[in-house]
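One structure below.
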Number of protein chains: 2
Amino acid sequence: MREREINKPMRNSRQRAAILEVLKSTKSHPTADWIYEKVREKIPNISLGTVYRNLAVLKEMGKIMELKCGEKCSRYDGNPENHYHFICVNCGQVFDVEGVEVNKKIDQEVSEKNRWEVFHHCMEFYGLCSECSKKNV
Amino acid sequence: MREREINKPMRNSRQRAAILEVLKSTKSHPTADWIYEKVREKIPNISLGTVYRNLAVLKEMGKIMELKCGEKCSRYDGNPENHYHFICVNCGQVFDVEGVEVNKKIDQEVSEKNRWEVFHHCMEFYGLCSECSKKNV
DNA sequence: ATAAATGCAAAACTTTTGCACCCGA
DNA sequence: TCGGGTGCAAAAGTTTTGCATTTAT
């Protein structure tokens, strides 16, 4: 993974703005390809490479999160605040978990008991979303 | 993801046994390719496709776990008991978290507050392992 | 004997990258 | 103008799959 040079000046392109806008305007944790298709409605000749490059930059800027839970391809979350996710094992949809606070103390607990320097943690819940649950899958 | 047919009879192959043995004999959460190289020491002409196929079967049998945290490729864990993982963001090594109990009640809590049917959860901690921490990365 | 499992190679998929050109500051 | 960003296409890397053959039961 190549790191961005420190203090490298950064320009704003319509492509980057459009990608961020798409990501901010959905709660669906889309894949890079979905974002690509969505942005193409505005910028028809944008390339998938540009989408990937910008997702990497936006992630590095801390404006978005990359989720790599379960599936083959990454999903992106326009909300960079730490929060937990729920993945439906039937339909594959990803949801934000509501009503459960992020446990901030646990990082320190893990640090102390294992001699590591813990920065943060992720938690993903797996099960059936309400729709799939109704269908008795 | 194609599902295994229910009640489909299953045979034991040396390949499958060797793969499971390699996975049980390490704590290193290896990738499919690492497992492939390791099994080749015993069965030189085993194919990578067979490794992938068997990892999928073993996972479905509940004998191993697949980890998809952070990296591009999956890692496999010979311990199917639910436990948490720590990933070093510098060297990429994956460790089991010791001394922190798996929170079993939280699944029910998330279920109730979000109307989902939660089966289980994963938690991954990110930071520097003791070696990388020493190096002042 | 039967069909599950394998080895091999090709294919599928996601993601990255080299390069010439474009465009924002 | 300067070099960051883009589009395009090729490449890289992981995982899956089709098919003929092997092998466990």
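Numbers restart at 1 for each chain; the letters A, B, ... are given by sequence-line order, proteins then strands. All values below were derived from every heavy atom in this structure, side-chain atoms included, with hydrogens, water molecules and symmetry-related copies excluded.
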So which nucleotide from C:dT14, C:dG7, D:dT14 ends up closest to the side chain of B:K72?
D:dT14
Touch check for A:S74, heavy atoms < 4.0 angstrom, all strands: base, sugar-phosphate only, or nothing?
sugar-phosphate
5' priority, DNA chain D, between A:N12 and B:R11 [closest heavy atom]
A:N12
Could you check how far CZ of B:R75 sits from P of D:dT15, rounded to whole Å?
11 Å
Please determine whether a side-chain nitrogen or oxygen atom of B:S47 lies at a distance below 4.0 Å from atom OP1 or OP2 of C:dT6.
no
Judged by nearest nucleotide, the residue sitting upstream toward the 5' end of DNA chain D, B:C73 or A:I46, is A:I46
Mind checking whether A:I64 and A:K24 have side chains closer than 4.5 Å, heavy atoms only?
no
Nucleotide C:dT6, atom P - distance to CG of B:L55 in whole Å
11 Å
Just checking B:L48: base, sugar-phosphate only, or nothing, at a heavy-atom cut-off of under 4.0 Å?
base
Can you tell if the side chain of A:M65 reaches within under 4.5 Å of the side chain of A:N79, non-hydrogen atoms only?
no
What orientation do A:H120 and B:Y126 show, parallel under 30°, tilted 30 to 60°, or perpendicular over 60°?
parallel
What's the closest nucleotide to the B:R53 side chain, out of D:dG18, D:dT6, D:dT15?
D:dG18
Could you state the CZ-P distance from B:R40 to C:dG7, rounded to the nearest angstrom?
11 Å
note: B:Q15, atom CD; C:dC8, atom P; distance rounded to Å ~ 11 Å
Which nucleotide in the list D:dG5, C:dG7, C:dA5 gets nearest to the side chain of B:T50?
C:dG7
To the nearest Å, give me how far apart NZ (B:K68) and P (C:dT14) are.
12 Å
Quick check for you: among D:dT6, C:dA5, C:dG7, whose closest atom lies nearest to any side-chain atom of B:I43?
C:dG7
Rounded to whole angstrom units, what separation is found between the CD1 atom of A:I19 and the C1' atom of D:dG7?
13 Å
Has B:Y52 got a side-chain N or O lying under 4.0 Å from the OP1 or OP2 atom of D:dT15?
yes
Does any N or O in the side chain of B:S25 come within less than 3.5 Å of the main-chain N or O of B:E21, such that one atom is a donor and the other an acceptor?
yes
Options C:dA4, D:dG7, D:dG5, nucleotide nearest the side-chain atoms of A:R16
D:dG5
In terms of the angle between their ring planes, are B:W116 and A:F86 parallel, tilted or perpendicular, with boundaries placed at 30° and 60°?
parallel
Tell me, with the steps shown, if B:H83 and B:V97 meet side chain to side chain contact (heavy atoms under 4.5 Å, CB included).
CA-CA 7 Å; B:H83 58 281; B:V97 171; over 6 Å; no
Between C:dA5, C:dT6, D:dG7, which nucleotide has the shortest distance from any of its atoms to the side chain of B:M10?
C:dA5
How many Å lie between CG on B:N54 and P on C:dA4, as a whole number?
15 Å
Write down the distance between OH (B:Y36) and C1' (D:dT16), rounded to a whole number of angstrom.
15 Å
Once you apply a heavy-atom cut-off of 4.0 Å, does B:D33 come out as touching a base, just sugar-phosphate, or nothing?
nothing
